[in-house]
Amino acid sequence: MMRRLAGIVAAFAVAVGGSLAVAAPAQAATPAIEITKVYYDSPGVDNRSKASLNAEYVKLTNRRARTINLKNWTLRDKANHVYTFTGNVNLAKGKSLVIRTGKGTNTASTRYWGSGNYVWNNTGDTAYLRNASGKLIDKCAWTKKGKGYTTC
């Protein structure tokens, strides 16, 4: 009986042929929408002018082969300043969208937070992008002033 059981187990192992092998660690998948740049310290003097506020921005890029609607997605910092994409905001495959801190007229490639204050901390912060369900899609962090921007 023992010999027969050992034969069945051996046959089964050959039949599944390695499908029971331990999987290798998965690489982190590229997010559908990726934070590709954060310009956290606008050039020049921080004087809260429209030009200065709008030079502070986050750039998002669609890494998928299809258009993604960002309706109700959020972008936030560590201090919980939140920008919510209202209405249909369709980001085509391979295209980028810039979210500027200050005020302006929204277009297909640029959105405006509408803030009268700076959002991103020059000495360190984190940008979090969440989908409409609240799932974290991507994040980008920096810890020192550096060049005034970071690529992620």
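What you see below is based on every heavy atom in this structure, not just the backbone, and it leaves out hydrogens, waters and symmetry mates.
Here N117 contributes atom CG and D46 contributes atom CG; the two are 11.0 Å apart, rounded to the nearest 0.5 Å.
No hydrogens or angles considered: nothing links the side chains of S115 and T101 as a donor-acceptor pair under 3.5 Å.
The main-chain N or O of T86 is never found under 3.5 Å from a side-chain atom of W73 such that the two would form a donor-acceptor pair. D77 places no side-chain N or O within 3.5 Å of a backbone atom of W120 that could act as its donor or acceptor partner. A donor-acceptor pair is defined here as one N or O able to donate and one able to accept, closer than 3.5 Å; no such pair exists between the side chain of D138 and the backbone of P31. Between the side chain of D125 and the backbone N or O of K78, at least one donor-acceptor pair lies under 3.5 Å.
A heavy-atom distance below 4.5 Å is found between the side chains of V58 and L75. Here the side chains of Y118 and S52 are in contact, with some heavy-atom distance below 4.5 Å.
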Which is it for W113 and T84 under the side chain to side chain contact (heavy atoms under 4.5 Å, CB included) test, yes or no, and what are the steps along the way?
-> CA-CA 8 Å; W113 198 300; T84 302; over 6 Å; no

Is there a side chain to side chain contact (heavy atoms under 4.5 Å, CB included) between N90 and I68 once you walk through the steps?
-> CA-CA 6 Å; N90 294 309; I68 296 176; over 6 Å; no

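The side-chain tip of K37 points at the ring of Y149 from less than 6.0 angstrom away and within 45° of straight on. Seen from the ring of Y57, R100 counts as a face-on cation partner, given the 6.0 Å and 45° thresholds.
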